[in-house]
Amino acid sequence: MDSDPPFHETYKTLFAVTKPLNNDWLAAVMAVEELELPSIDLTWLSLESPEKERCKNDIARAANEWGFFQVVNHGISRDVLEKMRDEQVKVFKQPFQHKCREDKFMNVSAGSYRWGTPTATCLRQLSWSEAFHIPMTDISSLGDTSIFSSSSLHQFATKVASLAQKLAEILAEKSGKKSTFFQENSLPSTCYLRLNRYPPCPIPLFGLMPHTDSDFLTVLYQDQVGGLQLVKDGKWVAVKPNPEALFINIGDLFQAWSNDCYKSVQHCAVTNPTKERFSVAYFFCPSYDTVIESCSGDKPSVYRRFSFKEYRQQVQEDVQNYGYKIGLPRFLV
C-alpha cells in the first residue's frame, strides 16, 4: 500500500487550471536569500549576572527585531533528536489508508492526521504536506501499542514544553509583564506537537502556506533539507538549517499580549523537488478561556481584549469564508 497522500489525484483540477512555475507570487518566494537567524546560547542562563541578563536581553531583542531566533545548548541531546526523527520516518511510512484511520490502526485520536488543504481553490492555497497533531495530554497517555509511544518522542515533548515555559517567562519579564501568567494559563490540554512531513514535489509549491502562528510561541526542530522561510524587513528570506539548534518563533498571542513589543511574522515552508523534509513543532498555547490584554505601561493598547477561544473561532471563520487567516488585524482597537 502507498504511504504518500494522493495529492495529484485529489487536486488534479487545480493543476489543470494553474501554471505554478509562471506565478510571480511563487517565484518571489522560491528565489530568496538564505540567512542565519540570531543564535542564543542558553548555557548563559545558568550563569550569574551579567551574563545571564545579557542572554535574556538577546532573547528579547531577537523576538522584537526578528520574531524568530534559534537556541543552542537547549538541553535536548542530538541522540534524542535523531532517534525521534527516525521514529517520525517510520510513522509517515505507514500506509496512507492506515494514517487516515489513525484511531484504529495507529492508536491515536481520530482527526490527528491531516494532509493537503481541503479548502484550496488554487495551487497558491495548497500545502504539499502531511502532519499528525498530537495534544500533549495524549502523548503522556499513549500506550505501548501506539506507534507514537517511542521514548524519544516523550523526552522531546517533556523537555520542549519546559523550554517554551522558560522562554515565555523571560520574554514576559523583559516586556514588563507578569512572568507567572504562563504557569497559570498555559495547560498541557491546549498545547500540542505537530509532526510534519513534506514529500518531494516536482514543481515548486508551498509545503505550508504563508501564515503566522495562533499561539504564544512555537519551538521547531527541523532536519537539514531546508525549506523554512520568513519575512524580514518586508522580504522573504530562507532560514539556514542548523543541526544543533531549535528554532523559536513568536505567535500572534504573544504579539498581542506584549502590545507589539514582540513580532509574530509571516513564515512558510517550501517544497524540495527530490528530498522529503521532516520537522516537529511544539505549540505553546493558553487555555481557551484565557483573556489576552495588550496593555503595556503608558503605551495605549493596540488590541482589544479577547479570549483564546474567540481568537481561534475568528481564525476558523475567516479561513472558511476567505480561504486564509486574517489574524490580529481583526482585534485592533
Side-chain angles (χ1 to χ4, degrees), residues 1-5 7 42 70-109 112-116 127-164 188 191-201 207-208 218-228 239-248 269-283:
M1 298 176 68
D2 195 356
S3 63
D4 278 344
F7 285 105
L42 298 186
Q70 57 184 324
V71 295
V72 296
N73 293 319
H74 41 67
I76 305 176
S77 69
R78 281 289 297 278
D79 181 62
V80 167
L81 294 174
E82 290 173 357
K83 286 181 178 178
M84 183 181 64
R85 199 269 188 187
D86 291 342
E87 292 298 323
Q88 190 176 357
V89 172
K90 292 180 183 179
V91 166
F92 283 106
K93 289 302 181 185
Q94 298 297 305
F96 175 68
Q97 295 302 327
H98 287 194
K99 289 183 285 191
C100 290
R101 291 294 309 279
E102 67 273 50
D103 55 331
K104 178 179 180 180
F105 293 103
M106 306 182 75
N107 196 25
V108 292
S109 301
S112 299
Y113 178 66
R114 307 168 193 183
W115 67 279
S127 290
W128 191 272
S129 58
E130 55 179 335
F132 283 94
H133 294 238
I134 310 177
M136 293 295 285
T137 47
D138 284 4
I139 291 175
S140 62
S141 62
L142 288 172
D144 293 337
T145 58
S146 173
I147 196 169
F148 293 97
S149 61
S150 72
S151 62
S152 58
L153 182 63
H154 283 255
Q155 291 180 60
F156 177 82
T158 301
K159 288 182 176 293
V160 81
S162 177
L163 173 62
C191 299
Y192 64 96
L193 286 183
R194 188 175 71 201
L195 282 67
N196 303 302
R197 174 180 177 260
Y198 303 91
C201 185
L208 198 60
T218 305
V219 183
L220 176 76
Y221 172 67
Q222 63 170 348
D223 62 21
Q224 300 309 294
V225 173
L228 175 63
V239 175
K240 185 177 181 179
N242 181 352
E244 304 295 334
L246 296 176
F247 295 85
I248 316 297
V270 296
T271 56
N272 187 288
T274 59
K275 299 177 182 178
E276 60 183 351
R277 174 178 178 258
F278 293 90
S279 68
V280 182
Y282 170 77
F283 295 87

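Here the structure is a predicted model, which is why all the values come from computation and not from measurement.
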- Query: Does a side-chain heavy-atom distance below 4.5 Å link D4 with E276?
  - Reply: no
- If you look at every heavy atom in I76 and V160, which pair is closest and at what distance? CD1-N, 4.2 Å
- Nearest heavy atoms of F7 and P199, plus distance in Å: CE1-CG, 4.0 Å
- Query: Nearest 0.5 Å, what's the CG-CD distance between L246 and Q70?
  - Reply: 10.0 Å
- Query: Any idea how W115 and F96 line up, ring-wise: parallel (<30°), tilted (30 to 60°), or perpendicular (>60°)?
  - Reply: perpendicular
- Query: Do you know which of V71, N242, T218, V219 makes side-chain contact (heavy atoms from CB on, under 4.5 Å) with F247?
  - Reply: N242
- Task: Any chance you could lay out the side-chain contact (heavy atoms from CB on, under 4.5 Å) test for E87 and V91, step after step, and finish with the verdict?
- Result: CA-CA 6 Å; E87 292 298 323; V91 166; 5.6 Å; no
- Task: Please identify each residue that fulfils salt bridge (charged side-chain N to carboxylate O under 4.0 Å, His left out) with E102, with sequence neighbours left out.
- Result: none
- Taking all non-hydrogen atoms of both residues into account, name the closest pair between S127 and L208 and its distance. OG-CA, 3.6 Å
- Task: Look only at the side chain of K93 and the backbone of S3, and say whether a donor-acceptor pair between them is shorter than 3.5 Å.
- Result: no
- With rounding to the nearest 0.5 Å, note down the distance linking SG in C191 to CD1 in I134. 14.5 Å
- Hey, could you give me the NZ/NE2 distance between K159 and H74, rounded to the nearest 0.5 Å? 11.0 Å
- Message: Ignoring hydrogens, what is the shortest heavy-atom contact between L220 and A281? Give both atom names and the distance.
- Response: CD1-CB, 4.0 Å
- What's the verdict on side-chain contact (heavy atoms from CB on, under 4.5 Å) for N272 and R277, showing C-alpha distance, side-chain angles and the deciding distance? CA-CA 8 Å; N272 187 288; R277 174 178 178 258; over 6 Å; no
- Point-to-point distance, once rounded to the nearest 0.5 Å, from OG1 of T137 to OH of Y192: 13.0 Å
- Item | Heavy-atom closest contact (P200 atom, R197 atom, distance) | CD-NH2, 4.3 Å
- Query: Is the backbone of V80 close enough, under 3.5 Å, to the side chain of S77 for a donor and an acceptor to pair up by distance?
  - Reply: yes
- Go through the steps to decide whether Y221 and Y282 satisfy the test ring-ring contact (aromatic ring centres under 6.0 Å, His included), and finish with yes or no. CA-CA 9 Å; Y221 172 67; Y282 170 77; over 10 Å; no
- Task: Quick one: pull up OG in S152 and CD in Q88 and give me the separation to the nearest 0.5 Å.
- Result: 10.0 Å
- Query: If only atom types and distance count, is the side chain of Q222 paired as donor or acceptor with the main-chain N or O of V280 below 3.5 Å?
  - Reply: no
- Check: W128 ring centre within less than 6.0 Å of Y198 ring centre: no
- Message: Does this structure show an ion pair linking D86 with K90, if we count only N-O contacts that are shorter than 4.0 Å?
- Response: no
- Message: Using a strict threshold of under 4.0 Å (side-chain N to carboxylate O), is an ion pair present between E130 and R114?
- Response: no
- Taken to the nearest 0.5 Å, the spacing of Q224 CD from K240 NZ works out to 10.5 Å
- Item | Shortest non-hydrogen contact between L153 and M84, atoms and distance | CD1-SD, 4.1 Å
- Task: Report yes or no: does T158 contribute a side-chain atom to a donor-acceptor pair with the main-chain N or O of Q155 at less than 3.5 Å?
- Result: no
- Stepwise side-chain contact (heavy atoms from CB on, under 4.5 Å) test for L228 and V270: CA-CA 7 Å; L228 175 63; V270 296; over 6 Å; no
- Task: Apply side chain to side chain donor-acceptor pair (under 3.5 Å) to N196 and S129, showing your working.
- Result: CA-CA 7 Å; N196 303 302; S129 58; over 6 Å; no
